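Order of the sequence lines fixes the chain letters, A, B, ..., with proteins taken first and strands second; residue numbering starts at 1 for each chain. Only a predicted model underlies this, so the values are computations on that prediction, with no experimental measurement involved. Because only heavy atoms are used, hydrogens play no part in the values below, and waters and symmetry mates are left out as well, while side chains stay in.
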2 protein chains.
Amino acid sequence: MRIALDAMGGDDAPLVNVAGAIEALQEHSNLEISLVGDRQVVDEMIDKQGYSGDRLEVVEADGFVGMHEKPMDALRQKPNCSIANCWKLMAAGQVDAVISAGNTGGVVAAGLRTRLFLKGVKRPGISVVLPTVTGRSVLLDVGANPGARPEHLAQYAIMGTVFAREMLQVESPRVGLMNIGSEDGKGTPFIKEAHDLIVQGPVASNYIGNIEGRGLYQGEADVIICEGFVGNVVLKVSEGMASMMMQRVAHQVLGSLNGEKSAAEEAFGKVGRSFEYNEYGGAPLLGIDGVCLICHGSSDARSIRNALSTALTFGDRKVNQQIVETLSVQAAANG
Amino acid sequence: MRIALDAMGGDDAPLVNVAGAIEALQEHSNLEISLVGDRQVVDEMIDKQGYSGDRLEVVEADGFVGMHEKPMDALRQKPNCSIANCWKLMAAGQVDAVISAGNTGGVVAAGLRTRLFLKGVKRPGISVVLPTVTGRSVLLDVGANPGARPEHLAQYAIMGTVFAREMLQVESPRVGLMNIGSEDGKGTPFIKEAHDLIVQGPVASNYIGNIEGRGLYQGEADVIICEGFVGNVVLKVSEGMASMMMQRVAHQVLGSLNGEKSAAEEAFGKVGRSFEYNEYGGAPLLGIDGVCLICHGSSDARSIRNALSTALTFGDRKVNQQIVETLSVQAAANG
């Protein structure tokens with residue numbers, strides 16, 4: 001598999017991107033990487049970090065989408081920026097995957113305008129893996145498609161199911177619809193329509209119905225479907241809350257200790273990292289004809305390496321083929 | 001002030017409700033309470049807990065809305081249930097406030113059908129006080145009005161401002177709109193319209209614009225406005241996440257300790273309680289002509305007592321009069 005890695009995306013780019021790429025190449029002999037970015041800077045870093053081999057190439061790009069830029073404006077002003085060029089490589093069939101730790105809106109906007117959608121997919125959605133009381137769950141869409149239609153949510157139920165089964169090895173993933181009550185008939189007309197479509201669709205047998213917000217981190221479902229605006233808010237609220245809680249709890253608990261303070265500090269650090277969702281190797285933009293993984297802006301070399309490994313697995317497990325097949329079952333049933 | 005307290009609402013009702021009521025009566029000489037519920041059961045509990053005085057009366061009710069019942073169905077089947085009778089007392093002018101720790105949907109549904117709205121209010125909204133890195137913030141609406149219109153959100157900005165100023169003593173509360181990006185022009189057409197209305201309204205000078213989910217617990221604004229579906233999901237996700245995190249963190253950290261384990265356990269308990277939002281004396285249903293506070297189902301006697309005190313303060317601080325005045329400024333400005 002050849003992967004286009006956005007060399008310029010992320011808080012510590014291109015340093016950790018180059019390091020992560022080299023680590024992944026050492027780990028996987030079937031991997032080839034196109035590092036997309038400022039050739040001079042990236043070449044220098046490769047030289048410094050030392051890589052000799054022919055599975056790493058640098059592809060020139062002109063600028064990048066900054067973390068605080070407006071994605072659409074930036075893409076208009078810099079049509080050959082690093083993330084745009086990554087997607088162009090995939091659209092031209094020169095790579096099988098795109099990975100970026102850059103501005104999420106930029107990754108998605110540059111991707112959606114290539115229209116590289118899987119057959120039958122109406123709108124791609126970003127899916128994240130979150131820790132729960134019982135293990136981990138998949139939440140989608142977390143913001144690729146704010147203002148989604150009910151049929152998009154029904155497709156997310158299918159995509160999330162395939163993803164959880166193949167990538168998290170959940171044999172028969174329970175699918176839940178995020179709602180404001182767990183009983184049938186709860187919620188807005190929008191959410192009721194999504195519910196009805198999932199009930200009629202190919203993952204109906206694993207559909208456990210509505211779940212409330214509380215159920216997300218309690219592990220009530222393996223796959224939780226929500227509208228992109230809601231999912232984005234939920235994900236970012238969670239990040240802010242985790243950070244606030246760790247800070248407050250650590251302050252209070254460490255303040256109560258004397259001799260064992262450093263042991264507790266170490267334990268806090270370890271469990272704190274388990275709440276960082278970039279641990280899971282990037283968030284896939286599902287529904288793309290190819291692989292697209294979005295890494296957290298704060299990614300380090302290990303996160304980049306994890307994402308490169310995840311992309312390989314994503315290809316090996318034929319996630320996309322299965323999504324297309326299951327969608328076609330739904331299409332056949334509907335028509 | 002006379003308050004109708006739903007004696008039957010909550011996981012530990014009516015025991016803690018009666019206890020909290022008696023405590024509050026001892027604390028506040030200007031308080032009178034109507035305990036609404038099963039007269040025989042409630043009378044027995046009052047006898048057992050010992051109250052002698054004339055500021056506590058029991059008002060008969062026939063059944064109650066169970067925590068897992070569908071509110072509308074339950075209210076239809078039990079028209080004289082405890083929460084319905086509380087609202088009837090307020091509609092008849094016999095009490096100034098309604099407090100319940102029962103089924104939230106039931107409290108809201110029973111209230112909305114009395115149409116006891118403040119002058120100018122289109123839709124009441126539930127507001128909660130949440131802990132943040134820097135202090136605490138108000139989030140509304142958390143579910144009274146799922147499927148809200150933009151003008152409802154603009155009114156929430158006004159109600160939340162008055163509430164934060166008068167009840168949390170924030171002199172000049174910063175108002176933020178929950179969105180999927182912080183820049184102007186972000187989000188769905190719905191949220192852009194809400195943004196425009198707030199900008200044109202009477203709290204515009206304190207409006208800091210869009211905030212992302214991450215900003216909620218980081219204390220970026222004192223008042224955060226969101227649509228009821230989103231707010232409900234955010235609140236319940238937060239509850240589930242707090243519980244999951246405390247469990248995981250405590251497990252990991254306590255497991256790393258020996259001699260100081262019990263000190264750490266005590267600190268965990270203390271900080272854990274600070275994340276329980278019922279600490280703040282109930283969530284007000286703002287926009288009601290009267291006071292309505294919704295307590296968490298897991299309320300204990302102290303939470304009930306806190307809510308009774310909060311209701312008194314709410315009246316003293318003339319929150320409702322100020323909401324009406326500010327709304328009338330907006331109405332005048334809009335022509």
Side-chain angles (χ1 to χ4, degrees), chain A residues 68 70 105 131-133 143 146-147 178-181 183 185-191 212-218 226 228-230 232-249 251-253 255-261 263-264 266-268 270-272 274-275, chain B residues 68 70 105 131-133 143 146-147 178-181 183 185 187-191 212-219 226 228-230 232-249 251-253 255-261 263-264 266-268 270-272 274-275:
Chain A
H68 298 289
K70 291 192 191 183
T132 69
V133 170
M178 183 74 92
N179 202 340
I180 54 173
E183 318 91 65
K186 280 297 278 190
T188 55
F190 167 84
I191 209 80
E212 294 192 65
R214 196 178 162 82
L216 175 61
Y217 288 102
Q218 298 298 312
C226 62
F229 187 98
V230 176
N232 186 272
V233 169
V234 161
L235 182 67
K236 290 180 180 162
V237 164
S238 299
E239 280 181 37
M241 186 182 200
S243 144
M244 181 273 287
M245 280 189 70
M246 288 307 291
Q247 201 174 318
R248 281 208 172 190
V249 174
H251 177 79
Q252 187 91 25
V253 172
S256 77
L257 300 177
N258 293 303
E260 295 190 293
K261 194 177 275 192
E266 199 179 309
F268 269 115
K270 194 171 163 191
V271 69
S274 77
F275 297 127
Chain B
H68 298 289
K70 291 192 191 185
T132 70
V133 169
M178 183 73 92
N179 202 338
I180 54 173
E183 317 92 63
T188 55
F190 166 84
I191 209 81
E212 295 192 63
R214 196 178 163 82
L216 175 61
Y217 288 102
Q218 298 297 309
C226 63
F229 187 97
V230 176
N232 185 271
V233 169
V234 161
L235 182 67
K236 290 181 182 162
V237 164
S238 299
E239 281 182 34
M241 187 183 200
S243 143
M244 182 272 288
M245 280 188 71
M246 288 307 291
Q247 199 175 319
R248 280 206 174 192
V249 174
H251 176 79
Q252 189 91 24
V253 173
S256 77
L257 301 177
N258 293 304
E260 296 190 292
K261 194 176 276 191
E266 198 179 310
F268 269 114
K270 195 171 163 191
V271 70
S274 77
F275 296 127

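- For A:Glu260, the parts sitting under 4.5 Å from any heavy atom of chain B are the backbone and the side chain alike.
- Residue with the most contacts toward chain A among B:Val234, B:Val230, B:Asn258: B:Asn258 (heavy-atom pairs, distance under 4.5 Å).
- A:Arg214 places no side-chain N or O within donor-acceptor distance of the main-chain N or O of B:Leu235, the cut-off being under 3.5 Å.
- Here the closest non-hydrogen pair linking A:Leu257 and A:Val253 is CG-O, 3.4 Å.
- No other option in B:Ser256, B:Gly219, B:Gly228, B:Cys226 has as many heavy-atom pairs under 4.5 Å with chain A as B:Ser256.
- Using a 4.5 Å cut-off on side-chain heavy atoms (C-beta onward), B:Val237 and A:Met241 make no contact.
- Residue contact with chain A, scored on non-hydrogen atoms closer than 4.5 Å, involves the side chain of B:Gln218 exclusively.
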Practice problem: Determine, stepwise, if the pair A:Val133 / A:Tyr217 fulfils side-chain contact (heavy atoms from CB on, under 4.5 Å). | Solution: CA-CA 6 Å; A:Val133 170; A:Tyr217 288 102; 5.8 Å; no
Quiz prompt | A:Glu183/B:Lys70 under salt bridge (charged side-chain N to carboxylate O under 4.0 Å, His left out): CA gap, chis, key distance, verdict | solution = CA-CA 8 Å; A:Glu183 318 91 65; B:Lys70 291 192 191 185; 6.0 Å; no
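- For a residue to count as touching a neighbouring chain, one of its non-hydrogen atoms must lie under 4.5 Å from one of that chain's; by this rule B:Gln252 touches chain A with backbone and side chain alike.
- A pairwise comparison of heavy atoms in A:Lys186 and A:Asn179 identifies O-ND2, 3.1 Å as the closest pair.
- The greatest number of non-hydrogen atom pairs below 4.5 Å with chain A, out of B:Ala242, B:Gly215, B:Gly255, B:Gly105, is found for B:Ala242.
- In this structure, the portion of B:Leu216 lying under 4.5 Å from any heavy atom of chain A is its side chain and not its backbone.
- Residue A:Arg248 forms a side chain to side chain contact (heavy atoms under 4.5 Å, CB included) with just one option from A:Met246, A:Met245, A:Met244, and that option is A:Met244.
- If you measure heavy-atom distances from A:Ile180 to chain B, the contacts under 4.5 Å come from both the backbone and the side chain.
- Each of B:Gly143, B:Ala264, B:Gly147, B:Gly187 has some count of heavy-atom pairs under 4.5 Å with chain A, and the biggest count is that of B:Ala264.
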